[in-house]
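If you're wondering where the values come from, they're calculated on a predicted model, not measured in any experiment. If you read the sequence from its start, that first residue is 1, and numbering goes on from there. Counting starts at 1 for both ligands and their atoms, in listed order.
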Amino acid sequence: MSWEDRIRKVEPYVAGEQPKEKNIIKLNTNECPYPPAPGVEEAVRRLASDSSALRLYPDMDATPLTNALAKQYGVDPDQIFVGVGSDDVLALCFLTFFSAGSEEQPLLFPDITYSFYDVWANLYRIPFCRIPLQDDFSINPEDYLPAVTGQQNCGIIFPNPNAPTGLELPQTEVEKIIAGNPDSIVIVDEAYVDFGAQTALPLLEKYENLLVVQTFSKSRAMAGARVGFAIGSKKLIGYLKDVKFSFNSYTMNLPSILIGTASAEDAAWFQETTGRISATRERFKKELSAMGFVFPDSRSNFVFARHPGFSGADLQAALRARRIVVRRFDKPKIKDYLRITIGTDEQMDRVVEALKEILAGQ
Ligand code: PMP
């Protein structure tokens with residue numbers, strides 16, 4: 001066997017493009033179009049003026065951030081795990097909770113979903129099974145119940161709202177999946193929950209096998225800071241910390257802990273910003289419908305839409321030619337859909353204008 005044969009070979013996740021050009025309307029990676037909470041700037045200024053702040057290792061438990069989140073969500077700090085973006089949190093979850101997967105008991109997730117899930121499963125050699133969404137892109141909870149399908153599993157993960165569809169699974173349906181899988185850990189990836197969907201957090205009181213993962217990247221306008229977190233039972237969080245501290249004790253850097261805390265403490269900014277984005281989304285949906293686009297009813301900060309008269313590739317290219325960048329996944333069932341992030345009202349007006357031109361053949 002050569003050294004090359006011994007290497008762990010993986011096919012990495014490909015994130016959305018970060019264009020270098022200026023004057024682009026960037027609606028391809030679901031970032032927030034507004035600046036973060038004002039306290040974030042203040043925290044950066046304080047950090048910049050304290051020349052010795054970075055001298056010491058940061059707090060391993062990111063205590064100020066964990067405490068601020070515990071207060072906001074009404075849970076014990078021991079129920080919170082923070083990481084470097086929710087991708088970091090999710091990757092550690094896969095390793096911690098799903099490693100015992102086998103061909104007989106694979107990890108389950110939807111066939112159309114966040115495309116990092118199969119990358120992590122492959123990285124950790126976790127067998128998985130993609131469960132097809134229904135024709136309207138909704139998740140059918142029954143498909144995840146061993147008592148109904150006879151299919152055992154080593155765990156379940158799905159985003160709610162789902163990505164890239166934007167569709168929300170109602171809480172009663174989420175609960176059916178958790179309640180019907182008492183021997184598995186169920187992770188609800190709530191990267192997009194803050195734009196009008198219902199969180200599964202209240203279900204934590206009833207289910208020890210539930211873990212909810214959220215992020216500061218979308219609703220808190222801090223994708224660049226890389227802050228994500230999980231909330232679950234103390235037992236689950238304890239196991240997650242054991243794995244994390246077996247990798248690296250200091251994954252979250254001090255600036256991110258401080259600015260994350262400043263953001264978590266500003267509930268008013270959070271409500272106002274997420275409300276504004278949701279209102280823009282509703283307005284944009286009306287414009288899209290009027291132009292003949294079809295789309296699942298998004299509860300997230302993006303809309304996943306196609307036009308019956310145009311291919312997704314042509315529409316994406318025509319928008320790009322007008323300096324508007326949106327995301328498209330070249331996969332069966334969804335290749336004609338564009339995932340358009342909700343920007344400011346002004347940006348969405350420009351998108352509508354561009355789409356009208358394109359549809360009119362201009
Ligand atoms: N989950 C889903 C469903 C996502 O779309 C994303 C964003 N790519 C993430 C998790 C990760 O986001 P982040 O690492 O920025 O928190």
Side-chain angles (χ1 to χ4, degrees), residues 12-18 26-33 36 62 65 69 80-95 98 107 109-121 123 130 133 137 139 156-169 174 186-195 197 199-200 211-231 240 244 251-253 256-257 259-260 263-264 270 274 277 281 296 298-304 325-329 331 334 337-342:
Y13 174 74
V14 182
E17 177 195 0
Q18 293 290 345
K26 186 178 180 303
L27 304 174
N28 66 331
T29 47
N30 299 337
E31 290 136 330
C32 177
L65 177 57
L69 288 170
I80 298 194
F81 175 87
V82 296
V84 186
S86 56
D87 279 343
D88 179 55
V89 174
L90 289 166
L92 283 168
C93 287
F94 271 58
L95 182 61
F98 301 149
L107 173 65
F109 49 81
D111 64 340
I112 298 169
T113 195
Y114 186 30
S115 39
F116 224 139
Y117 298 159
D118 47 0
V119 173
W120 287 313
L123 171 64
R130 294 186 180 97
L133 293 180
F137 285 146
I139 289 173
I156 295 170
I157 181 165
F158 58 92
N160 198 31
N162 196 7
T165 64
L167 257 189
E168 178 184 16
L169 184 67
V174 172
V186 177
I187 300 183
V188 184
D189 175 353
E190 296 191 336
Y192 301 104
V193 79
D194 298 322
F195 304 97
T199 173
L211 194 80
V212 174
V213 176
Q214 296 191 2
T215 177
F216 280 47
S217 297
K218 330 284 177 181
S219 53
R220 295 182 186 276
M222 288 176 52
R226 312 305 300 125
V227 180
F229 60 99
I231 306 186
L240 202 47
K244 176 205 163 102
T251 42
M252 183 163 291
N253 63 64
S256 290
I257 295 173
I259 63 179
S263 169
F270 180 69
T274 51
I277 292 167
R281 177 193 65 216
S298 171
R299 278 271 174 282
S300 60
N301 69 335
F302 56 83
V303 177
F304 192 58
V325 187
V326 300
R327 188 113 195 242
R328 192 177 68 85
F329 300 90
K331 291 183 177 168
I334 57 170
Y337 283 81
L338 301 181
R339 194 196 66 186
I340 308 172
T341 303
I342 302 300

Give the residue and atom name of whichever protein heavy atom lies nearest to atom 12 (O) of ligand 1, and the separation in Å to one decimal. Ser86 OG, 3.3 Å

I'd like to know if the side chain of Thr29 pairs up with that of Lys26 as donor and acceptor (distance under 3.5 Å, no hydrogens or angles considered). yes

Nearest neighbour of atom 6 (C) of ligand 1 from the list Tyr13, Tyr114, Phe116, on a heavy-atom basis: Tyr114

Around atom 3 (C) of ligand 1, find the nearest protein heavy atom and jot down its residue, atom name and distance. Asp189 OD2, 3.4 Å

Quick note on ligand 1: atoms under 4.0 Å from a heavy atom of Lys218 include exactly 6 (C), 7 (C), 8 (N)

Donor-acceptor contact below 3.5 Å, side chain Arg226 vs main chain Ala223: yes

Considering only heavy atoms of Ser217, which atoms of ligand 1 have at least one such atom less than 4.0 Å away? 13 (P), 15 (O), 16 (O)

Hey, is the main chain of Val193 close enough, under 3.5 Å, to the side chain of Asn160 for a donor-acceptor pair? no

Taking the six-membered ring for Trp, are the ring centroids of Tyr13 and Tyr114 within less than 6.0 Å of each other? yes

Proximal ligand 1 atoms for Arg226, defined as those under 4.0 Å from one of its heavy atoms: 13 (P), 14 (O), 15 (O)

Please list, in number order, the atoms of ligand 1 under 4.0 Å from a heavy atom of Gly85. 14 (O), 16 (O)

For the rings on Phe137 and Tyr337, is their centre-to-centre separation under 6.0 Å? yes

Do the ring centers of Phe302 and Tyr192 come within less than 6.0 Å of each other? yes

For atom 11 (C) of ligand 1, what's the nearest protein heavy-atom neighbour? Residue, atom name and distance, please. Asp87 OD1, 3.0 Å

Any donor-acceptor pair under 3.5 Å from Asn301 side chain to Asn30 backbone: yes

Which ligand 1 atoms does Tyr192 reach within 4.0 Å, using its non-hydrogen atoms? 3 (C), 4 (C), 5 (O), 7 (C)

